[in-house]
Amino acid sequence: MDIQFSARHFNASAGLQDRIQEEMDKLAKFYPNITNASVILDHEVEHQRHCEISVNITGSVVVASADEDNMGKAVDVALERVKVQLKKANDKQNDHRAQPISNLT
């Protein structure tokens, strides 16, 4: 999966980027057709950290964000919100498949 990182008003450490990369790779089990993703980390206000994750899937875009005191916590909350949306999108896609003809008789 192609992931684009952006850090505003601070320098994101390599460790933080690696951790986010690992967590984003795990999202494929919730929705297999993820094309690419964008992660924006922002530290604009004194005690406010913002994380926005945008994931492009087949036919739409899933976006989640979180504001927390700690950047790690903001990333975790945003990832959890993305997981919920990806599960819902995957369920919708699976629910709309036609039933086999053998089950209809």
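No experiment lies behind these values; they were computed from the predicted model shown.
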What closest approach, in Å, do Ala74 and Ala66 show between heavy atoms, and which atom pair accounts for it?
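Scanning both residues, the minimum pair turns out to be O-CB, 3.5 Å.
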Determine yes or no for a side-chain-to-main-chain donor-acceptor pair under 3.5 angstrom, with Glu52 supplying the side chain and Val63 the backbone.
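No; zero donor-acceptor contacts below 3.5 Å.
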With a 4.5 Å heavy-atom cut-off, do Ile40 and Arg8 have their side chains touching?
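Counting from C-beta outward, Ile40 and Arg8 do come under 4.5 Å.
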Do Val61 and Ile53 land in one hydrophobic cluster if side-chain heavy atoms of ILVMFWY residues count as linked below 4.5 Å?
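No; Ile53 is not reachable from Val61 via cluster members.
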Quick one, Arg49 and Asn70 - any side-chain contact, counting heavy atoms below 4.5 Å?
no
Test side-chain hydrogen bond (donor to acceptor under 3.5 Å, both in side chains) applied to Gln21 - qualifying residues, sequence neighbours left out:
Asp25
Identify whether Val77 and Leu16 are in the same connected component of the hydrophobic contact network (ILVMFWY, side-chain heavy atoms under 4.5 Å).
no
Please report the interatomic distance CD(Gln48) to CG(Asp69), rounded to the nearest 0.5 Å.
7.0 Å
With the side chain counted from C-beta on, respond yes when Val55 and Met24 share a heavy-atom pair under 4.5 Å apart, and no when they do not.
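Result yes, sub-4.5 Å side-chain heavy-atom pair found.
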Working to the nearest 0.5 angstrom, can you tell me the gap between Met1 CE and Leu27 CG?
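Spacing of CE (Met1) from CG (Leu27) equals 5.5 Å.
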From Arg81, Lys83, Lys88, Gln85, residue fulfilling side chain to side chain contact (heavy atoms under 4.5 Å, CB included) relative to Val62:
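Considering Arg81, Lys83, Lys88, Gln85, a side chain to side chain contact (heavy atoms under 4.5 Å, CB included) with Val62 is found only for Gln85.
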Measuring only between side-chain heavy atoms, which start at C-beta, is Val75 closer than 4.5 Å to Leu41?
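Yes, their side chains come closer than 4.5 Å.
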Value for CZ (Phe10) from CG (Asp42), rounded to nearest 0.5 Å, stands at 8.0 Å
Pairs involving residues 9-19, ordered by first then second residue, that meet side-chain hydrogen bond (donor to acceptor under 3.5 Å, both in side chains) (sequence neighbours left out):
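For residues 9-19, and leaving out neighbouring residues, the side-chain hydrogen bond (donor to acceptor under 3.5 Å, both in side chains) pairs sorted by first residue read Arg19-Asp76.
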Using the rule that Ile, Leu, Val, Met, Phe, Trp and Tyr join whenever any side-chain heavy atoms are under 4.5 Å apart, tell me whether Tyr31 and Ile3 fall into a single cluster.
yes
Result for side chain to side chain contact (heavy atoms under 4.5 Å, CB included) between Ile34 and one of Leu86, Thr58, Val82, Asn56 points to Leu86
Distance in Å, His50 NE2 paired with Met71 CE, rounded so as to fall on 0.5 Å steps:
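Here the rounded value is 9.0 Å.
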For the CG atom of Asp2 and the OG atom of Ser38, what is their distance to the nearest 0.5 Å?
10.0 Å
